[in-house]
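Worksheet: the structure to be examined is printed underneath.
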Amino acid sequence: MAKNKSKILIVEDDMIISLVVENMIKKLGHSLVGKTASGEEAVEMAKEHKPDIILMDIRLKGEMDGIEAVSIIREHIDTNVIYLTGNSDKANYDRARATDCVDLISKPFTIGELSRSLDLVP
C-alpha cells in the first residue's frame, strides 16, 4: 500500500483509461483531486488543487500536449509528474525526461507498475 496518501491529478484523454487509473490509485490508497483530458485544463486544475502527483498522458485533447502542460504547471507549483504514454518514441521520451519527471510508464500498464512508479516519488 501507499507510503503516504497522495493527492493525485489524472490527465488522460481516453475516458476508459482514466477510469481504470482512477480505480488503481484509489486501491493504492491515494486520493483523486481531479481528472481532465486537456493540457489547458490540467494547468488550471493543478494551480487550484496543488496535487502531490500528476499522472500525465503525453497526447491530449486540445492545443497543448502533456509535456507542454507540465512545463507550464511547474512555473506555478512544485509537483511530481509520472507520464502515462501510449507513444514512447524517442523524441517524446527525451522531451518528457527533460521535464524532470519521476517516471514514464508505457500503456497498457498494471497496478503493480503504477505502484512501483508512485513509490519512486520522493
Side-chain angles (χ1 to χ4, degrees):
M1 277 304 185
K3 298 179 287 217
N4 304 352
K5 187 172 178 155
S6 295
K7 296 184 309 184
I8 297 180
L9 172 63
I10 297 172
V11 186
E12 168 60 65
D13 66 342
D14 182 309
M15 295 318 334
I16 294 170
I17 294 172
S18 182
L19 277 170
V20 169
V21 173
E22 178 181 351
N23 287 331
M24 286 180 180
I25 66 166
K26 287 179 176 174
K27 277 189 182 144
L28 293 169
H30 299 286
S31 64
L32 179 71
V33 296
K35 292 193 311 187
T36 183
S38 82
E40 293 82 358
E41 202 171 299
V43 171
E44 294 310 310
M45 291 178 85
K47 290 194 294 192
E48 181 184 341
H49 298 292
K50 297 178 177 45
D52 302 312
I53 302 167
I54 300 175
L55 299 178
M56 178 70 77
D57 189 11
I58 291 178
R59 284 212 185 121
L60 297 170
K61 288 184 168 62
E63 297 294 309
M64 189 185 304
D65 74 8
I67 299 168
E68 291 171 87
V70 166
S71 297
I72 294 168
I73 289 166
R74 289 258 174 80
E75 292 172 10
H76 300 278
I77 66 167
D78 184 26
T79 188
N80 296 289
V81 176
I82 296 172
Y83 288 103
L84 312 174
T85 183
N87 57 316
S88 52
D89 59 272
K90 180 145 177 47
N92 277 324
Y93 182 83
D94 290 345
R95 283 180 62 223
R97 281 283 172 216
T99 66
D100 194 29
C101 61
V102 173
D103 203 6
L104 197 137
I105 308 175
S106 292
K107 298 177 201 168
F109 54 87
T110 65
I111 192 168
E113 290 168 311
L114 180 59
S115 179
R116 277 192 296 280
S117 285
L118 292 170
D119 285 345
L120 297 172
V121 173

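Note: hydrogens, waters and symmetry copies are ignored here, and every other heavy atom, side chains too, is used.
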- Message: With a 6.0 Å cut-off (strictly less than), is the heavy-atom count around CZ of F109, excluding the residue itself, greater than 12?
- Response: yes

- Task: Mind listing the closest non-hydrogen atom pair of I77 and P51 along with its distance?
- Result: CD1-CD, 3.9 Å

- Query: Is it the case that one hydrophobic cluster holds both L28 and V33, taking links as side-chain heavy atoms less than 4.5 Å apart, direct or via other members?
  - Reply: no

- Going from CZ on R74 to CG on D100, what distance comes out if it is rounded to the nearest 0.5 angstrom? 5.5 Å

- Is D65 salt-bridged to R95, going by a charged N under 4.0 Å from an acidic O? yes

- Item | I67 side, atom CD1; N92 side, atom CG - distance, nearest 0.5 Å | 4.5 Å

- Task: Apply the side-chain hydrogen bond (donor to acceptor under 3.5 Å, both in side chains) test between Y83 and each candidate in D57, T99, D103; give the one that qualifies.
- Result: T99

- Query: Are V11 and L32 connected, step by step, through hydrophobic side chains (Ile, Leu, Val, Met, Phe, Trp, Tyr) whose heavy atoms are closer than 4.5 Å?
  - Reply: no

- Message: Measuring from atom NZ of K27 to atom CD1 of I111, what distance do you get when rounded to the nearest 0.5 angstrom?
- Response: 5.5 Å

- Item | Same apolar cluster: I72 and V70, side chain cutoff 4.5 Å | yes

- Query: What is the minimum heavy-atom distance between K35 and S18, and which atoms define it?
  - Reply: CD-OG, 3.2 Å

- Nearest heavy-atom contact between N80 and P122 is OD1-CD, 3.6 Å

- Query: Which atom names give the shortest non-hydrogen contact between C101 and A96, and what distance separates them?
  - Reply: SG-O, 3.6 Å

- Item | Heavy-atom check, side chain of I53 versus side chain of I25, under 4.5 Å | no

- Task: Please indicate whether D78 has more than 12 foreign heavy atoms, meaning atoms of other residues, nucleotides or ligands, lying under 6.0 Å from its CG.
- Result: no

- Message: Taking L118 as the starting point, is it possible to reach V21 by hopping between hydrophobic residues whose side chains are less than 4.5 Å apart?
- Response: yes

- Query: Looking at side-chain heavy atoms only, is the closest gap between H49 and K7 below 4.5 Å?
  - Reply: no

- Please round to the nearest 0.5 Å and tell me the distance separating atom CD of E41 and atom NZ of K61. 11.5 Å

- Message: With a 4.5 Å cut-off on side-chain heavy atoms, are I73 and V43 touching?
- Response: yes

- Message: Less than 4.5 Å apart, side chain to side chain, heavy atoms only: is that true for L9 and T79?
- Response: no

- Looking only at heavy atoms, the pair that brings D52 and K5 closest together is OD2-O, 4.4 Å

- Task: Could you tell me which non-hydrogen atom of I17 sits nearest to which non-hydrogen atom of E12, and how far apart they are?
- Result: CG2-OE1, 3.6 Å

- Message: Do L104 and M56 sit in one hydrophobic cluster, given that two such residues count as connected whenever their side-chain heavy atoms are within less than 4.5 Å of each other, even indirectly?
- Response: yes

- CE of M45 to CD1 of I10: how many Å apart, nearest 0.5 Å? 10.0 Å

- Task: State the OG1-CD1 distance between T85 and I58, to the nearest 0.5 angstrom.
- Result: 4.0 Å

- Taking C-beta and beyond as the side chain, do V121 and I82 meet within less than 4.5 Å on heavy atoms? yes

- Query: Do E44 and E40 touch side chain to side chain, with heavy atoms closer than 4.5 Å?
  - Reply: no

- Are side-chain heavy atoms of K107 and D14 found at a separation under 4.5 Å? no

